[in-house]
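What follows is a short report on a single structure.
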Amino acid sequence: MGNIDKRNQLDLEMFSYRTNKNNIVFIEYYGKQIMILKGKEANAFLNKTHHAKNEKERQLIMAKITGNFKRGNEQKRNNTKY
């Protein structure tokens, strides 16, 4: 994983996921739902995450599947209004 996470952003554990009883996967970024996976996609995702060696690999899987989070310029947003 050497060159993939040069700035150690995956150590922040910004992604999480949860499933429901129908094996629908909800992927969250800092607690905000950003993606829903169903059917074959959900099963493939769950299979990959269950075989991941550690949390950093799970974070990388979630970062790759979301697609928009590969540019490196994402920042955690605070809830203040301007």
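The distance from atom CE of Met35 to atom CD of Glu41, rounded to the nearest 0.5 Å, is 7.5 Å. Residue Leu37 holds its CG atom at 11.5 Å from OG1 of Thr19, rounded to the nearest 0.5 Å. Ile61 contributes atom CD1, which lies 6.5 Å from atom CD of Glu57 (distance to the nearest 0.5 angstrom). In this structure, Arg58 CZ and Ser16 OG are separated by 12.5 Å, a value rounded to the nearest 0.5 Å. Separating the CD atom in Glu55 from the CD atom in Glu13 is a distance of 4.5 Å, to the nearest 0.5 Å. Between Thr49 atom OG1 and Ile27 atom CD1 the span is 9.0 Å, to the nearest 0.5 Å.
Phe45 and Tyr17 have perpendicular rings, their planes meeting at more than 60° on a 0 to 90° scale where under 30° would count as parallel.
Evaluation of the salt bridge (charged side-chain N to carboxylate O under 4.0 Å, His left out) test over residues 22-34, restricted to residues two or more places apart or in two chains, returns Arg18-Glu28.
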Q: Given side chain to side chain contact (heavy atoms under 4.5 Å, CB included), test Leu60 with Lys56 step by step and report yes or no.
A: CA-CA 6 Å; Leu60 180 60; Lys56 194 166 186 173; over 6 Å; no

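Residues meeting the side-chain contact (heavy atoms from CB on, under 4.5 Å) test with Asn20, sequence neighbours left out: Asn22, Ile24, Phe26. Listed by chain and number, the residues in a side chain to side chain donor-acceptor pair (under 3.5 Å) with His51 are Asn47 (sequence neighbours excluded).
With hydrophobic clusters built from ILVMFWY side chains whose heavy atoms lie under 4.5 angstrom apart, Ile36 does not share a cluster with Ile65.
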